[in-house]
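This report concerns only the one structure given below.
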Amino acid sequence: MTVGQKIRHYRKQLGLSQEELAQKMQVSRQTVSLWENDQTMPTIDNLVRLKEIFGVSIDEILTQQPEQERPSFILAEEEGPKQQEKPPRDRWQKWGIGLFVAALVSIVVAALAASWLSERTMLPTNSMWIFFAFLPIPLASVVLGFVLKRRGYGWRKNVIAGFIIAGLMVAYGSFTFIFAGMYDNSDAHIRAVEAYTGIDIPRHSGIRTQNWSENTQISAQGVMHFSSEVRFRQADVEAFETSLASDSRWQTEMKSQLRGLRIMPLQYGGCYVLMYNIDEETFNAVPSAEGDYRFVCIFYNAMNNTMYLEEYTLHYVP
């Protein structure tokens, strides 16, 4: 029977687990495992403690060991050459590493999933709830970290990473509730613009409308009421695009005198543009006198089949 087998034999006689013996010895559970697998030998101080715990002499622990090997093993510290050989990871260590990596990856996957969902719904903040679907992964890493701590394994990376990532997921996921109602898929704004201008807007494949009535976008020039981003399929806009060239209401660029009639300086390339004064019922013209006027401005990008509509009130000064 080797020294390691002797230590295991006496430990089991006392009904102690490796972790319990390690606590009595004030060493790690891995150190006891290395002793019992004959990968390292206890130091003289540790042999004295083992003798007191097991109630046997040091010679009884070391019996049946070759005499020439005994001094070198007894005098060697656990940091000797054999201890430097890393023992194979057990299942708890593998779970710890696996959940640590999974927690790091989960927030990246959640961000990609939220991006994919928002691209299809055109509602970015409404898609952030998906972070909550991945929240159990970092929380599981935190729980496992405390289990590993009780068992004498490395645990800090699981707990720290788990808490940080879980906090980020809760923060990002909360955007869905914090900004609830800011965006929707309602096409009521399109219908209103059609009624104002008399222009038939093609059937859309996606829309994001922002209602500024409660959280009004105000500038020095005026107040924003609605804005909509609309997406179309090519087949649905072919007839519409054909009509643009012959419709005098649509311009390929905004006239310089009209650029000051907008309160949000957005840039659109390759666009047809139309501005309508609701109060005076005029297209692409400056107001006749100073005052507050309600405008509709439409940009259509024929290169990617998208449209942007905005409705706002502007104070005009000649």
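When reading the values below, keep in mind they use all heavy atoms of this one structure, side chains included, and skip hydrogens, waters and symmetry mates.
In this structure, Ile201 and Val230 have side chains that are not in contact, with every pair of non-hydrogen atoms separated by 4.5 Å or more. In this structure, the side chains of Trp35 and Asn46 come closer than 4.5 Å at one or more pairs of heavy atoms. In this structure the side chain of Thr31 never reaches within 4.5 angstrom of the side chain of Pro42, judged on heavy atoms. No side-chain heavy atom of Val296 sits less than 4.5 Å from a side-chain heavy atom of Glu310. Counting only heavy atoms from C-beta outward, the side chains of Thr306 and Glu229 never approach each other to under 4.5 Å.
In the displayed structure, Gln234 atom CD is contacted under 6.0 Å by more than 12 heavy atoms of other residues, nucleotides or ligands. By the 6.0 Å contact criterion, NZ on Lys157 is enclosed, its count of non-hydrogen atoms from other residues, nucleotides or ligands being greater than 12. In this structure, Trp155 places its CH2 atom where more than 12 heavy-atom neighbours from other residues, nucleotides or ligands lie under 6.0 Å away.
For the pair Asp247 (side chain) and Ser243 (backbone), a donor-acceptor distance under 3.5 Å is absent. Counting only distance, with no hydrogens or angles, the side chain of Asn284 and the backbone of Met275 share a donor-acceptor pair below 3.5 Å. In this structure, Asn301 contributes its side chain and Met303 its backbone to a donor-acceptor pair below 3.5 Å. Asn211 places no side-chain N or O within donor-acceptor distance of the main-chain N or O of Phe226, the cut-off being under 3.5 Å.
Taking a cutoff of 4.0 Å between a charged side-chain nitrogen and a carboxylate oxygen, Glu60 and Lys6 do not qualify as a salt bridge. A salt bridge does not link Glu52 to Arg49: none of the charged side-chain nitrogens sits closer than 4.0 Å to a carboxylate oxygen.
Contacts of Asp200 classified as side chain to side chain donor-acceptor pair (under 3.5 Å), with partners at least two apart in sequence or in another chain: none. With sequence neighbours left out, Glu281 forms a side chain to side chain donor-acceptor pair (under 3.5 Å) with no residue at all.
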Criterion side chain to side chain contact (heavy atoms under 4.5 Å, CB included) on Met169 and Phe134, from CA distance to verdict: CA-CA 8 Å; Met169 286 187 171; Phe134 292 86; 3.7 Å; yes
Is there a ring pair (Phe, Tyr, Trp, His ring centres under 6.0 Å) between Tyr308 and Tyr300 once you walk through the steps? CA-CA 7 Å; Tyr308 180 81; Tyr300 177 69; over 10 Å; no
One pair to check against side chain to side chain contact (heavy atoms under 4.5 Å, CB included): Arg249 and Ile199. What are the steps and the verdict? CA-CA 10 Å; Arg249 295 172 297 182; Ile199 293 174; 3.6 Å; yes
Worked verdict on Ile53 versus Tyr10 for side chain to side chain contact (heavy atoms under 4.5 Å, CB included): CA-CA 9 Å; Ile53 293 171; Tyr10 290 132; over 6 Å; no
May I have the step-by-step check of side chain to side chain contact (heavy atoms under 4.5 Å, CB included) for Phe283 and Asn277, ending in yes or no? CA-CA 6 Å; Phe283 287 91; Asn277 185 327; over 6 Å; no
Apply the test side-chain hydrogen bond (donor to acceptor under 3.5 Å, both in side chains) to residues Thr2 and Asp38: give CA-CA distance (whole Å), side-chain angles for both, the deciding distance (0.1 Å), then the verdict. CA-CA 8 Å; Thr2 66; Asp38 292 309; 2.7 Å; yes
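Between the side chains of Ser115 and Ser118, not a single donor N or O lies within less than 3.5 Å of an accepting N or O. Using modelled atom types, one finds a donor on one side chain and an acceptor on the other under 3.5 Å when comparing Gln18 with Glu36. Looking at Arg29 and Tyr153, their side chains do bring a donor and an acceptor atom within 3.5 Å of each other. Side-chain atoms of Thr209 and Ser228 include a donor-acceptor pair closer than 3.5 Å. With 3.5 Å as the limit, one finds a donor-acceptor pair spanning the side chains of His9 and Gln13.
Residue Arg231 holds its CZ atom at 11.0 Å from CG of Asn305, rounded to the nearest 0.5 Å. To the nearest 0.5 angstrom, Phe163 atom CZ is 8.5 Å from Leu139 atom CG. To the nearest 0.5 Å, atom OG of residue Ser174 and atom CE of residue Met128 are 9.5 Å apart. With values rounded to the nearest 0.5 angstrom, Asp279 atom CG is found 11.0 Å from Leu314 atom CG. The distance from the SG atom of Cys271 to the CD atom of Glu253 is 11.5 Å, given to the nearest 0.5 Å. Phe146 contributes atom CZ, which lies 10.5 Å from atom OG of Ser141 (distance to the nearest 0.5 angstrom).
When the side chains of ILVMFWY residues are joined at heavy-atom separations under 4.5 Å, either directly or via intervening members, Val105 and Val170 end up in a single hydrophobic cluster.
In this structure, Val286 and Glu280 approach most closely via the heavy-atom pair O-OE1, 4.4 Å. When all heavy atoms of Asn37 and Arg8 are compared, the pair lying nearest together is OD1-NH2, 3.6 Å. For Lys255 against Gln251, the heavy-atom pair with the smallest separation is CE-NE2, 3.3 Å. Of all heavy-atom pairs spanning Cys297 and Val273, the tightest one is SG-CG2, 4.4 Å.
In this structure, Trp250 and Tyr272 have perpendicular ring planes: the angle between them is above 60°, well past the 30° mark. Taking the six-membered ring where the residue is Trp, Tyr316 and Tyr293 present perpendicular rings, their angle passing 60° and hence far from 30°. Taking the six-membered ring where the residue is Trp, Phe177 and Phe132 present tilted rings, their angle falling between 30° and 60°.
Outside the 6.0 Å centre-distance limit, the rings of Phe232 and His204 are not counted as a close aromatic pair.
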